[in-house]
Amino acid sequence: MELLSGAEMVVRALRDEGVKYIYGYPGGALLHVYDALFQQDEVEHILVRHEQAATHMADAYARATNKPGVALVTSGPGATNAVTGIATAYMDSIPMVVITGQVMSFLIGEDAFQETDMLGISRPIVKHNFTVTRAEDIPTIIKKAFYIAQTGRPGPVVIDIPKDMTTPTERFPYEYPKSVKLRSYNPVTKGHSGQIRKAVDMLLAAKRPMIYTGGGVIMGDASAELTQLAHLLNYPVTNTLMGLGGFPGTDRQFVGMLGMHGSYEANMAMHHSDLILAVGARFDDRVTNGVDKFCPTARIVHIDIDPASISKTIQADVPIVGPAKVVLEEMIDLVKDSKKRPDADAITAWWKQIDEWRGRHGGRYRTDDSELMKPQQVIEMLSRVTNGDAYVCSDVGQHQMFAAQYYKYNKPNRWINSGGLGTMGFGLPAAMGIKLNFPDADVACVTGEGSIQMNIQELSTCKQYDIPVKIICLNNQSLGMVRQWQDMNYESRHSQSYMNSLPDFIKLAESYGHVGMKVTRYSDLEGAMREAFALKDRLVFMDIYVDPFEHVYPMQVPRGSMRDMWLSKTERT
Amino acid sequence: MRHIISVLMENEPGALSRVVGLFSQRNFNIESLTVAPTDDETLSRMTVMTTGDDRVIEQITKQLNKLIDVVKVVDLSEGEHIERELMMIKFKANGQMRAEIKRTADIFRGQIIDITPNTYTVQLVGSSDKLDAFIASLGNASIMEVVRSGVSGIARGEKVLTI
Ligand SMILES: Cc1cc2nc3c(=O)[nH]c(=O)nc-3n(C[C@H](O)[C@H](O)[C@H](O)COP(=O)(O)OP(=O)(O)OC[C@H]3O[C@@H](n4cnc5c(N)ncnc54)[C@H](O)[C@@H]3O)c2cc1C
Ligand SMILES: Cc1ncc(C[n+]2csc(CCOP(=O)(O)OP(=O)(O)O)c2C)c(N)n1
Ligand SMILES: [Mg+2]
């Protein structure tokens, strides 16, 4: 057997796991590992400008492929800089492996230089973490980390490696395990057949059914099954923010996103439904609004791979623990084999009602004659220019909600955003992670002038590795989402939500060697955007000035039911 | 409602902190907690006494089960079980209090495990209620120190928590 040092084993194990890119930043505790990286060319390291960006790049790769992304950061400040990225992945259940350097094992606990207790710090934001106490365990630990990160409910795994575990002169026989088994970890592979049968009976008997699906359908690769089942039944489908693309956005059966900024028709239909089939969605508080008023007439079937997601906030009538893909397949077979059919009259009446709701609001927004653009128009243009086929990587704020509402996602894994943690600064590194791995795809970073400045330094990484993403900055000269809440709840006292002294983004982009475009008039938008996407091998920063006073609607009224919404600045349900 | 939850987990460094962290992170109660290795040295057994309504207890068991180091979880309160807690309690014991403490300890089947001219230390094993009752019945005595182990529990009959 080949003899390798701990450092070499780290790199070799990543290669044997099929990892092509790792994203990271070096430092003292990792110098042996970086030296091992230097001496091979199979695993390519991308040098970011801030460790947070490394984690978001790895995370975005995972969101697009459902395979774990890998980040490598040094001890102390490197590790703490990665914390936001780890938490971002954790909240959205994204598989990721983060390797953190650590001080020599015999120094741990002595406040050594650049020592932080990364196991302690990361514990509440990881699916699991490991420390290496014997160098020869490195291959097994890495195998376990990948296995845990991507099976069951996915999530980030941290491996903390003390520097003396990577010493170049200490060599061990290397073999990468083909598989691992943990007696204490056995993710479910299939749902309970009796429960599934019961659920299908209820589904076929429903008069006002709703299919409500989330990130679990995307991550669980169940979008084809979901679409097939929904078409078979002709039932309406709504997606959470994390579930967009799980069902085709342009399909007639799609009623839009639900929740706080969900569509009028989705929220109305949820409220009046008599049966909700929830798939890989976790009844988040941004979805349910006041839990005591949530969907008063609905019975709930809940499919989730994590039993802890079921009946956590909303009691399920029929819980089904299992992978969405397998459970939905079983449901499709049962529906096909069943002699029962959906109640055609009831379903027709239900669609009539839904279409009426659709007609009443239908995602409208007010445009006036002025040339000042509405942010919604920019997203609709983006959807048009990219044929609804781009990877859209969003930051956090109003622009994120507009990108969710007005871009039509027809494919899963194309809408890349931070939903659970809502991390400003996610968008640019995420877009970079995607573009690097899918060089032929159109990749847009939809952002705001606030969010983009949280990881703007990555323009430099884009220069170094030629990562030609398109930055669509909806510049409203304010922290728009904050400002909207201040308008609605604090009599427009705009405390610290105004972005004073913005940089000249065009010059900034140019100074990093990229292309900048400023757009202030709607009539210039289409031409500029087409030009930007035609510049295949250049990063283009589109600084697009939009109406600073626009709000995101619909917006649910706090602690109300799902149907309690503001529909515009002046209309309420 | 009071629940006694038994957890079998890998005897690994950090495993205990994961469990304790989970309780504080998710706003669950810990009334008491005991942990020690089992006959199988790769496993530890932990008993957590907690309170909460059915929904909270369901979340506690589900979230515990999700921890990678946790092998098995049971809520002992769901079935017939035996619970025990150990208490050592040091009294100031002079004059006629000496006899009263001794008498009460006998009634509760406690043992005096340490004596000085001015103190008695009593050891008592039983349910938490019994320990509370003992303290209450010596309300007029002067307690110097109380140390309780927290609850351990085991199911009655043939049911066992092993792998
Ligand atoms: C500014 C802002 C506004 C927001 N507004 C809204 C809003 O209006 N509407 C909205 O929906 N969200 C909104 N969010 C997002 C919200 O905070 C949550 O992140 C989101 O609702 C959670 O989506 P989800 O329920 O799909 O769960 P996810 O976080 O995607 O979780 C996935 C669920 O699926 C399960 N799962 C994973 N894999 C599988 C599998 N293979 N099979 C079965 N189950 C699986 C997991 O166990 C988990 O329960 C907003 C966020 C921000 C930042
Ligand atoms: C790191 C971080 N800090 C603070 C917030 C709170 N927050 C949510 S949206 C928002 C404003 C975002 O401004 P901008 O990026 O310009 O987007 P806009 O809402 O104007 O479209 C803020 C401050 C957050 N989500 N993330
Ligand atoms: Mg803004």
Side-chain angles (χ1 to χ4, degrees), chain A residues 87 90-91 93 105 108-109 117-134 137 141 144-145 147-149 151-160 180-188 282-283 291 302 304-316 319 321, chain B residues 1 3 5-28 30 33 35 37-46 48 50 52-75 78 160-163:
Chain A
Y90 178 74
M91 289 299 282
S93 308
S105 53
I108 291 178
D117 173 12
M118 194 52 186
L119 291 176
I121 288 177
S122 67
R123 203 212 68 244
I125 51 168
V126 292
K127 183 166 173 187
H128 195 59
N129 56 22
F130 291 96
T131 179
V132 177
T133 52
R134 301 178 338 145
D137 293 343
I141 289 178
K144 282 184 184 170
Y147 170 62
I148 291 170
T151 51
R153 179 177 184 167
V157 177
V158 164
I159 308 174
D160 202 39
V180 278
K181 247 187 100 59
L182 289 101
R183 64 177 171 184
S184 58
Y185 174 70
N186 299 293
V188 284
R282 56 187 174 83
F283 293 86
V291 284
H302 191 175
D304 203 290
I305 203 161
D306 177 6
S309 278
I310 299 179
S311 300
K312 182 171 66 179
T313 59
I314 300 285
Q315 189 70 32
V321 179
Chain B
M1 253 280 277
H3 287 254
I5 295 180
S6 264
V7 183
L8 207 57
M9 60 189 196
E10 298 288 355
N11 190 3
E12 298 260 353
L16 177 62
S17 76
R18 290 181 213 278
V19 173
V20 175
L22 175 76
F23 273 73
S24 70
Q25 177 186 358
R26 299 208 175 254
N27 225 349
F28 301 146
I30 300 183
L33 181 147
V35 59
T38 64
D39 56 328
D40 175 346
E41 65 190 24
T42 66
L43 290 171
S44 295
R45 167 89 173 232
M46 171 187 285
V48 191
T50 184
D53 58 23
D54 289 351
R55 199 176 63 91
V56 171
I57 300 299
E58 186 180 324
Q59 270 297 310
I60 291 177
T61 50
K62 284 172 166 180
Q63 295 291 352
L64 280 170
N65 261 312
K66 271 173 72 170
L67 294 178
I68 307 289
D69 287 337
V70 167
V71 185
K72 274 190 182 160
V73 179
V74 285
D75 181 354
E78 280 182 349
V160 289
L161 179 63
T162 49
I163 51 169

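Chain identifiers are assigned alphabetically (A, B, ...) following the order of the sequence lines, protein sequences preceding nucleic acid strands; residue numbering begins at 1 within each chain.
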Worksheet entry | For chain A, the option from B:R18, B:K66, B:Q25, B:K72 that forms the most heavy-atom pairs under 4.5 Å | B:R18

Discussion item. With side chain to side chain contact (heavy atoms under 4.5 Å, CB included) as the test, pick out the partner of B:V71 among B:T162, B:V7, B:L161, B:I163.
Written reply: B:I163

Worksheet entry | Portion of B:E12 that has a non-hydrogen atom of chain A nearer than 4.5 angstrom | neither

Worksheet item: So which part of B:L22 gets closer than 4.5 Å to some heavy atom of chain A, the side chain, the backbone, both or neither?
Response: backbone

Worksheet item: Does A:H302 have its ring centroid less than 6.0 Å away from the ring centroid of A:F283?
Response: yes

Discussion item. Go through it in stages, so that I can follow the logic: the residues are A:V158 and A:R123, the test is side chain to side chain contact (heavy atoms under 4.5 Å, CB included), and I'd like the CA-CA distance, side-chain angles, deciding distance and then a yes or no.
Written reply: CA-CA 9 Å; A:V158 164; A:R123 203 212 68 244; over 6 Å; no

Discussion item. Distance alone, cut at 3.5 Å: any donor-acceptor contact between the side chains of A:R282 and A:S93?
Written reply: no

Worksheet item: Can you say whether A:N129 sits under 4.5 Å from chain B via the side chain, the backbone, both, or neither, judging by heavy atoms?
Response: both

Response to the item:
Honestly, the part of A:L182 sitting under 4.5 Å from a heavy atom of chain B is side chain

Worksheet item: If you tally heavy-atom pairs under 4.5 Å against chain B, which of A:A308, A:P307, A:P124 wins?
Response: A:A308

Worksheet item: Which atom pair, heavy atoms only, marks the closest approach of A:K127 to A:T151?
Response: NZ-O, 2.7 Å

